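The structure displayed is predicted, hence computed values, not measured ones. Both counts, for ligands and for their atoms, begin at 1 and track the order of listing. Hydrogens, waters and symmetry mates play no part in the numbers below; they use all other heavy atoms, side chains included.
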Amino acid sequence: MTTRVAIFISGGGSNMQKLVESMTGAHPARPCLVLSNVETAGGLEIASAAGIPTVAVSHKPFAGDRAAFEAALTEAIAPHAPDLICLAGFMRKLTAGFVEPWAGRMLNIHPSLLPKYRGLDTHARALAAGDALHGCTVHEVTPELDDGPILGQATVPIAPGDTPETLAARVLTMEHRLYPEVLRRFVAGEGLPVRLAA
Ligand code: GRF
């Protein structure tokens, strides 16, 4: 049985693109939907060009009513019957009301070596801390932000002279390797956590 994967994005969707490109041939999953909370997200065009159904559900009309926004998300994804949700550059916090029914069936990629640097500005924070090693993590999504069981990590050495931008670019390259590998093994029920090094 093929696992149907919905991918949530907010922007360019480079992680989404790598996930979509990986789900071919003998891969046990296929993308069934790309959803964005930003109607102009570049990733929506990329997904459409790849023949994947897309939908935009803006959070703006709900003006902070998270439950109403999440009800709209649930309504939008229902016709596509996903088995699994991959958050990939999705920049909205999801409440327990949305996350708990997806327990064990929702993944996220975060640009730090969790549990270090939950939240935003992870590259700048790693640089400010003088860390030698940084990276990215794929984890199961739980109601606590960036806190669920770790399914894979990729490490990226911090180089002299790195800026948040140069570091982010190297981390993103590893995200593109890590997320597809974690997804494949997660769906196949094999060999987790994934450990990669730049
Ligand atoms: C990436 O840095 C990722 O770590 C974070 O969102 C950023 C943009 O991702 N979650 P994408 O290019 O939209 O996949």
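Every atom of ligand 1 is numbered from 1 in the order shown, and the set under 4.0 Å from a heavy atom of Ser14 is 11 (P), 12 (O), 13 (O), 14 (O). Which parts of ligand 1 touch Gly13 is read off a 4.0 Å heavy-atom cut-off, strictly below it: atoms 11 (P), 12 (O), 13 (O), 14 (O). Residue Ile109 has at least one heavy-atom neighbour below 4.0 Å for each of these atoms of ligand 1: 10 (N). Within the listing of ligand 1, atoms 4 (O) sit less than 4.0 angstrom from a heavy atom of Pro111.
One finds no salt bridge joining Arg125 and Asp131 here, because no Lys/Arg side-chain nitrogen approaches an Asp/Glu carboxylate oxygen to under 4.0 Å. Of the charged side-chain nitrogens involved, at least one lies within less than 4.0 Å of a carboxylate oxygen, so that Asp147 and Arg118 count as a salt-bridged pair. Under a 4.0 Å N-O distance rule, the pair Arg184/Glu190 qualifies as a salt bridge.
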message = Pair His110, His139 - check ring pair (Phe, Tyr, Trp, His ring centres under 6.0 Å), show working.
response = CA-CA 8 Å; His110 179 76; His139 63 95; 7.0 Å; no
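As a member of the Ile/Leu/Val/Met/Phe/Trp/Tyr network built from side-chain separations under 4.5 Å, Leu120 groups with Met91. Other members of the cluster containing Ile85 are Phe8, Leu33, Leu35, Val55, Val57, Phe62, Phe69, Leu73, Ile77, Leu87, Phe90, Leu94, Phe98, Val99, Trp102, Met106, Val141, with ILVMFWY side chains joined at under 4.5 Å, either directly or via other members.
Atom 14 (O) of ligand 1 has its closest protein heavy atom at Asn15 N, 2.8 Å. Taking atom 6 (O) of ligand 1 as the reference point, the nearest protein heavy-atom neighbour is Gly89 CA, 3.3 Å.
Considering backbone and side-chain atoms alike, Met16 places every N or O at 3.5 Å or more from each N or O of ligand 1. Of the N or O atoms in Glu175, one or more lie within a sub-3.5 Å distance of an N or O in ligand 1.
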